[in-house]
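In what follows, a structure is listed as structure tokens, so that the remarks can point back to it.
Atoms considered below: every heavy atom in the structure, side chains included; atoms not considered: hydrogens, waters and symmetry mates. One-based numbering, in listed order, for ligands and for the atoms of each.
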Amino acid sequence: MMAAAAELESSLELSLGGGAGPGGLPPARSRIFKIIVIGDSNVGKTCLTYRFCAGRFPQRTEATIGVDFRERAVTIDGERIKIQLWDTAGQERFRKSMVQHYYRNVHAVVFVYDMTNLASFQSLPSWIEECKQHLLANDIPRILVGNKCDLRNAIQVPTDLAQKFADTHSMPLFETSAKSPNDNDHVEAIFMTLAHKLKSHKPLMLSQPPGSGEMHLKPEPKPAMTCWC
Ligand SMILES: Nc1nc2c(ncn2[C@@H]2O[C@H](COP(=O)(O)OP(=O)(O)OP(=O)(O)O)[C@@H](O)[C@H]2O)c(=O)[nH]1
């Protein structure tokens with residue numbers, strides 16, 4: 001797992017499309033967006049990421065150890081993009097050795113709680129705090145996902161409570177189910193919305209002030225944050 005993380009991190013920004021392009025040209029490159037999925041153990045992070053990348057609910061899952069990677073290539077406005085989902089372990093004992101790898105070069109964060117488990121919702125501040133401790137930039141897109149909405153009779157986290165929390169932290173809230181066949185489009189929409197958002201982020205531009213021999217990195221002005229609810 002550690003080796004896999006190190007390899008992936010060296011190829012985060014661009015990936016080669018594989019083989020030579022037409023007429024012997026260099027192969028097309030696609031942007032990779034690294035999205036980490038975090039939250040308590042058992043909230044359904046593996047199932048959500050599997051659902052998006054494999055298109056179905058997994059038959060069985062085991063507690064994630066360290067991190068699992070899932071990737072899916074999508075085309076947005078004619079550009080081929082790889083969405084790389086880092087399905088992180090919710091159990092503290094399975095996170096320790098990997099945690100610093102999760103937070104390197106992250107483009108977006110998905111916080112997940114289980115709608116049928118109040119404790120998993122109450123843990124969210126500590127997941128947000130973990131992001132802060134790892135110096136995650138404030139302006140990277142974050143979304144909040146309440147999972148397992150198919151278990152209607154067991155809901156412990158009312159929507160208005162979750163919405164208040166999401167508003168306080170300036171995150172859009174999505175309630176969904178990785179399991180319900182009716183929610184396939186919804187899971188798809190959640191990650192695709194994030195990918196659109198990331199794609200529309202302007203890349204860093206190199207600028208060189210007159211008379212200076214030094215190069216400075218200057219981000220382009222950001223568009224106003226929009227809510228996708
Ligand atoms: N009913 C229902 N069950 C779900 C849903 N998503 C996940 N589950 C179940 O919840 C359990 C935990 O799912 P995982 O995806 O392994 O949870 P996780 O958050 O990845 O857990 P860790 O790897 O320990 O961090 C499994 O038994 C899943 O079958 C859902 O949308 N609805």
Side-chain angles (χ1 to χ4, degrees), residues 1-2 4-5 8 34-72 83-103 106 108-131 133-134 136 142-159 161-163 165-166 171-194:
M1 293 275 186
M2 293 280 271
L8 275 165
K34 171 181 173 180
I35 301 174
I36 55 168
V37 183
I38 58 181
D40 277 7
S41 180
N42 229 36
V43 297
K45 299 178 297 295
T46 298
C47 293
L48 281 167
T49 56
Y50 194 91
R51 181 89 194 222
F52 178 70
C53 293
R56 61 184 173 84
F57 188 71
Q59 277 175 345
R60 56 186 273 278
T61 58
E62 282 167 11
T64 304
I65 297 173
V67 67
D68 278 338
F69 309 101
R70 295 190 181 87
E71 202 171 69
R72 180 171 150 194
I83 300 179
Q84 189 178 82
L85 298 179
W86 286 47
D87 167 21
T88 67
Q91 285 189 49
E92 180 58 28
R93 65 192 168 125
F94 294 145
R95 295 176 62 78
K96 273 185 282 197
S97 58
M98 290 294 294
V99 79
Q100 74 276 20
H101 292 282
Y102 302 161
Y103 289 101
V106 166
V109 183
V110 178
F111 295 97
V112 186
Y113 66 94
D114 175 349
M115 293 176 69
T116 69
N117 179 344
L118 186 61
S120 73
F121 178 75
Q122 289 167 336
S123 295
L124 289 169
S126 64
W127 292 110
I128 291 172
E129 183 55 32
E130 187 181 277
C131 288
Q133 279 170 7
H134 288 86
L136 222 62
R142 292 152 209 252
I143 62 171
L144 181 59
V145 175
N147 189 36
K148 307 195 188 180
C149 72
D150 57 295
L151 300 174
R152 284 197 184 83
N153 296 330
I155 301 294
Q156 291 184 0
V157 184
T159 301
L161 181 64
Q163 189 61 61
F165 183 86
M171 292 188 271
L173 167 71
F174 298 90
E175 292 181 335
T176 195
S177 164
K179 188 173 190 178
S180 162
N182 305 331
D183 277 270
N184 199 22
D185 288 350
H186 201 206
V187 173
E188 174 89 6
I190 291 170
F191 289 106
M192 286 305 285
T193 305
L194 207 43

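Remark: distances from the non-hydrogen atoms of Phe94 to ligand 1 are all 4.0 Å or more.
Less than 4.0 angstrom separates some heavy atom of Cys47 from each of these atoms of ligand 1: 6 (N), 7 (C), 13 (O), 15 (O), 28 (C). With ligand atoms numbered from 1 in the order given, ligand 1 contributes 1 (N) to contacts under 4.0 Å with heavy atoms of Leu151. Close approach of ligand 1 to Ala89 (heavy-atom distance below 4.0 Å) involves ligand atoms 25 (O).
Scanning for side chain to side chain contact (heavy atoms under 4.5 Å, CB included) contacts around Gln156 gives Leu118, with sequence neighbours left out. For Leu124, the side chain to side chain contact (heavy atoms under 4.5 Å, CB included) partners two or more places apart in sequence, or in a different chain, are Phe111, Tyr113, Phe121, Leu144, Phe165.
Between Ala63 and ligand 1, a contact under 3.5 Å exists for no N or O pair. Considering backbone and side-chain N/O atoms, Phe57 never comes within less than 3.5 Å of an N/O atom of ligand 1. Considering backbone and side-chain N/O atoms, Ala178 comes within less than 3.5 Å of an N/O atom of ligand 1. Residue contacts with ligand 1: Glu62 is placed with no nitrogen or oxygen under 3.5 Å of a nitrogen or oxygen of the ligand (distance criterion only).
Under 4.0 Å from ligand 1, the heavy atoms of Asp40 that appear belong solely to its backbone. For Thr64, heavy-atom contacts with ligand 1 shorter than 4.0 Å involve the backbone as well as the side chain. Contacts between Cys149 and ligand 1, counted as non-hydrogen atom pairs separated by less than 4.0 Å, are absent for every part of the residue. Here Asn147 has side-chain heavy atoms under 4.0 Å from ligand 1, and that is the only part of it that gets that close. Heavy atoms of Asp150 found under 4.0 angstrom from ligand 1 belong exclusively to the side chain.
When hydrogens are left out, the protein atom nearest atom 19 (O) of ligand 1 is Lys45 NZ, 2.8 Å; that is the closest non-hydrogen contact. In this structure, the protein non-hydrogen atom closest to atom 8 (N) of ligand 1 is Lys148 CE, 3.7 Å. Counting only heavy atoms of the protein, atom 17 (O) of ligand 1 lies nearest to Gly44 N, 3.2 Å. The protein atom (non-hydrogen) at minimum distance from atom 24 (O) of ligand 1 is Ser41 OG, 2.6 Å. Protein heavy atom in closest approach to atom 11 (C) of ligand 1: Asn42 OD1, 3.6 Å. In terms of protein heavy-atom proximity, atom 27 (O) of ligand 1 is nearest to Thr61 OG1, 4.5 Å.
If you check the side chains of Asp68 and Trp86, you find no donor sitting under 3.5 Å from an acceptor. Side-chain contact, Thr64 with Thr46: a donor N or O sits under 3.5 Å from an acceptor N or O. Neither side chain, Ser120 nor Asp114, offers a donor N or O lying under 3.5 Å from an acceptor on the other.
By the 4.0 Å N-to-carboxylate-O rule, Lys148 lies too far from Glu175 to be salt-bridged with it.
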Check the pair Val110, Phe191 against side chain to side chain contact (heavy atoms under 4.5 Å, CB included), reporting the backbone distance first and the verdict last.
-> CA-CA 9 Å; Val110 178; Phe191 289 106; 4.1 Å; yes
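In this structure, His101 contributes its side chain and Gly66 its backbone to no donor-acceptor pair below 3.5 Å. Side-chain atoms of Arg51 come within 3.5 Å of backbone N or O of Ala178 as a donor-acceptor pair. Ser180 places no side-chain N or O within donor-acceptor distance of the main-chain N or O of Ser177, the cut-off being under 3.5 Å.
Shown here, atom 29 (O) of ligand 1 is in close reach of the protein: a heavy atom of it lies under 4.0 Å off.
Heavy atoms from other residues, nucleotides or ligands lying under 6.0 Å from CD of Glu62 number 12 at most.
Contact check for Gln122 versus Asn117: no side-chain heavy atoms found under the 4.5 Å cut-off.
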